Trainee: 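Below is a structure I'd like to ask you about.
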Amino acid sequence: MSFWNRDHWLGLRQSHLTRVAEAAEAFVQRRSREEKHPVHDFLFTYYNFSPAKLKQWLPPQGVTLEIAAPDLIEMPWLLKVPAIHTGDQLQLDVKAIKPHVKDLARWITTLCDNIQTRAPRFRCYGLHEWAMVYQQSREDIRHQGYELRLSPEVLASFVESQSICCSHYDAFRFFTPAAKPMNVLQPILETRLEMEQAACLHANMDLYKWASKLWPWVGSDLIGECFQLANEGRDLDMRASPYDLAHLGYQPVLIETAEGRSQYEREQRALAAKAEPVRQRLRQAAKAIAES
């Protein structure tokens with residue numbers, strides 16, 4: 001059991017808010033105005049973790065906090081999560097971890113182990129977003145109100161010229177019916193443990209999903225790191241997509257050109273390198289939860 005004094009963990013809390021608060025509050029404001037953002041909303045609509053929870057700071061299990069009465073007034077959620085509060089100390093109550101959470105933690109540990117030991121598959125070039133609009137009319141595409149950079153005919157011709165090798169089920173399931181047979185892999189939900197690999201943009205973004213599913217036990221610092229990584233992944237995902245988002249400040253990665261594909265791979269590799277230590281920390285946290 002680690003002990004964190006107030007100065008230490010209040011600094012961590014401030015760092016967490018610096019990392020996530022602006023994006024969380026911007027989403028809440030957009031939602032109140034019934035506005036949508038084609039890039040940023042994904043982190044709050046696809047990933048089922050509320051902006052309010054994202055901003056709340058909690059320690060991971062296995063840590064005891066030194067607290068004062070004002071802390072409980074400013075952060076009332078500290079007394080709403082399963083916790084042991086004795087005098088000026090507080091820690092999460094690991095006895096409250098439910099069996100299904102431990103089962104999930106074991107599954108996440110295995111997923112992280114498998115991804116870390118499997119050879120990464122680079123050079124997919126983000127073609128999953130293109131396969132999601134392949135042979136669709138402009139009226140049928142997912143992000144209504146945003147133009148494609150290429151005509152449907154030119155876009156289809158480019159997709160047909162490429163080898164699509166998407167290994168991520170949650171991306172593949174949104175391929176158009178015409179695009180699914182073109183994928184050299186056919187991932188299904190039941191083969192996630194055997195298919196996911198460390199180069200995949202969505203597998204790295206999903207570290208946020210798996211961490212948030214283990215809230216509150218993983219603590220907020222890891223969730224914030226995963227959120228930041230997912231934000232970077234989403235940025236690359238949509239810059240490499242066929243959508244024209246330049247007016248929103250997203251200069252495209254032109255994967256329809258050799259230069260653009262090289263740029264995508266460089267950024268994909270950089271993101272995978274950032275994800276590696278985060279995945280390792282998630283694995284360690286999940287293993288500790290499973291064994292608690």
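Quick caveat: nothing in here was measured; it's all calculated off a predicted structure. Values reported hereafter were calculated over all heavy atoms of this structure, with side chains retained and with hydrogens, waters and symmetry mates removed.
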Trainee: Between V81 and W215, is there a side-chain heavy-atom distance shorter than 4.5 Å?
Mentor: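 Yes, close enough: below the 4.5 Å cut-off.
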Trainee: Sort and list the pairs that fulfil salt bridge (charged side-chain N to carboxylate O under 4.0 Å, His left out) and have at least one residue in residues 244-254, not counting sequence neighbours.
Mentor: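 Found none.
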Trainee: Should the heavy atoms of other residues, nucleotides or ligands under 6.0 Å from NZ of K274 be counted, would the total exceed 12?
Mentor: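 Check fails, neighbour count at 12 or below.
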Trainee: I'd like to know if the side chain of T191 reaches the main chain of P187, judged simply by a donor and an acceptor atom lying under 3.5 Å from each other, with no hydrogens or angles considered.
Mentor: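 No.
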Trainee: Out of curiosity, L17 CG to L54 CG, how far, rounded to the nearest 0.5 Å?
Mentor: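 L17 CG to L54 CG: 9.5 Å, rounded to 0.5 Å.
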Trainee: Under the side chain to side chain donor-acceptor pair (under 3.5 Å) rule, collect the residues that match up with Q162, sequence neighbours excluded.
Mentor: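 Here no residue qualifies.
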Trainee: Restricting to salt bridge (charged side-chain N to carboxylate O under 4.0 Å, His left out), what partner residues turn up for R121, sequence neighbours left out?
Mentor: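 In terms of salt bridge (charged side-chain N to carboxylate O under 4.0 Å, His left out), with neighbours along the sequence ignored, R121 is linked to no residue.
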Trainee: Sub-3.5 Å donor-acceptor pair from the side chain of Q186 to the main-chain atoms of K180, do we have one?
Mentor: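 Yes, Q186 side chain to K180 backbone: donor-acceptor pair under 3.5 Å.
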Trainee: Partners of W217 by ring-ring contact (aromatic ring centres under 6.0 Å, His included), sequence neighbours excluded?
Mentor: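 Applying ring-ring contact (aromatic ring centres under 6.0 Å, His included) to W217 gives none.
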Trainee: To the nearest 0.5 Å, what is the distance between NE2 on H168 and CD on E196?
Mentor: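 Reported to 0.5 Å precision, the distance equals 4.0 Å.
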Trainee: Ignoring hydrogens and geometry beyond distance, is a side-chain donor-acceptor pair present between D206 and Y47 at under 3.5 Å?
Mentor: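 The answer is yes; a qualifying pair exists.
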Trainee: According to ring-ring contact (aromatic ring centres under 6.0 Å, His included), does anything in residues 73-117 pair up with another residue at least two apart or in another chain? List the pairs.
Mentor: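 Those involving residues 73-117 are W107-W210.
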Trainee: Among E267, E259, R261, E265, exactly one meets side-chain hydrogen bond (donor to acceptor under 3.5 Å, both in side chains) together with Q263. Which residue is that?
Mentor: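 When side-chain hydrogen bond (donor to acceptor under 3.5 Å, both in side chains) is applied between Q263 and each of E267, E259, R261, E265, only E267 qualifies.
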Trainee: What residue pairs, at least two apart or across chains, pass salt bridge (charged side-chain N to carboxylate O under 4.0 Å, His left out) with a residue in residues 16-29?
Mentor: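 Sorted pair list: E25-K55.
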Trainee: Can you give me every donor-acceptor pair (side chain of residues 64-75, partner residue at least two apart or in another chain, under 3.5 Å) with its distance?
Mentor:
residue : atom : partner : partner atom : Å
T64     : OG1  : Q91     : OE1          : 2.9
E66     : OE1  : R6      : N            : 3.0
D71     : OD1  : R6      : NH2          : 2.7
D71     : OD2  : R6      : NE           : 2.9
D71     : OD2  : A68     : N            : 2.7
E74     : OE2  : R13     : NH1          : 2.9

Trainee: Under the 3.5 angstrom rule, does the side chain of T86 hit a backbone N or O of Q89 as a donor-acceptor pair?
Mentor: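 Not a single qualifying donor-acceptor pair exists.
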Trainee: Listed by chain and number, what are the salt bridge (charged side-chain N to carboxylate O under 4.0 Å, His left out) partners of R283, not counting sequence neighbours?
Mentor: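 Here the qualifying residues are D113.
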Trainee: Please round to the nearest 0.5 Å and tell me the distance separating atom CZ of R281 and atom SG of C112.
Mentor: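 One gets 12.0 Å once the value is rounded to the nearest 0.5 Å.
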Trainee: Under a 3.5 Å distance rule, please check whether S220 uses its side chain to pair with a backbone N or O of L58 as donor and acceptor.
Mentor: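 Present.
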Trainee: What residue pairs, at least two apart or across chains, pass salt bridge (charged side-chain N to carboxylate O under 4.0 Å, His left out) with a residue in residues 151-173?
Mentor: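 Every pair satisfying salt bridge (charged side-chain N to carboxylate O under 4.0 Å, His left out) with a residue in residues 151-173: D170-R173, D170-R192, D170-K209.
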Trainee: Quick one: closest heavy-atom pair of L43 and A230, and the distance?
Mentor: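 Where L43 meets A230 most closely, the heavy atoms are CD2-CB, 3.7 Å.
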Trainee: Determine whether more than 12 heavy atoms belonging to other residues, nucleotides or ligands lie under 6.0 Å from atom CD of E194.
Mentor: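 Atom CD in E194 is crowded, with more than 12 foreign heavy atoms closer than 6.0 Å.
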Trainee: Could you work out, with ring-ring contact (aromatic ring centres under 6.0 Å, His included) as the rule, every residue matching F44, not counting sequence neighbours?
Mentor: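 Partners of F44 under the ring-ring contact (aromatic ring centres under 6.0 Å, His included) test: F27, F227.
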Trainee: Identify, with sequence neighbours excluded, every residue that meets ring-ring contact (aromatic ring centres under 6.0 Å, His included) alongside Y169.
Mentor: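 Testing Y169 for ring-ring contact (aromatic ring centres under 6.0 Å, His included), a comparison that skips the adjacent residues, returns none.
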Trainee: Just jot down the ring-ring contact (aromatic ring centres under 6.0 Å, His included) partners of Y125, sequence neighbours excluded, or say none.
Mentor: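 So Y125 forms no ring-ring contact (aromatic ring centres under 6.0 Å, His included) with any residue.
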Trainee: State whether a side-chain donor-acceptor pair under 3.5 Å links Q197 with S167.
Mentor: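 Yes - a donor-acceptor pair under 3.5 Å links their side chains.
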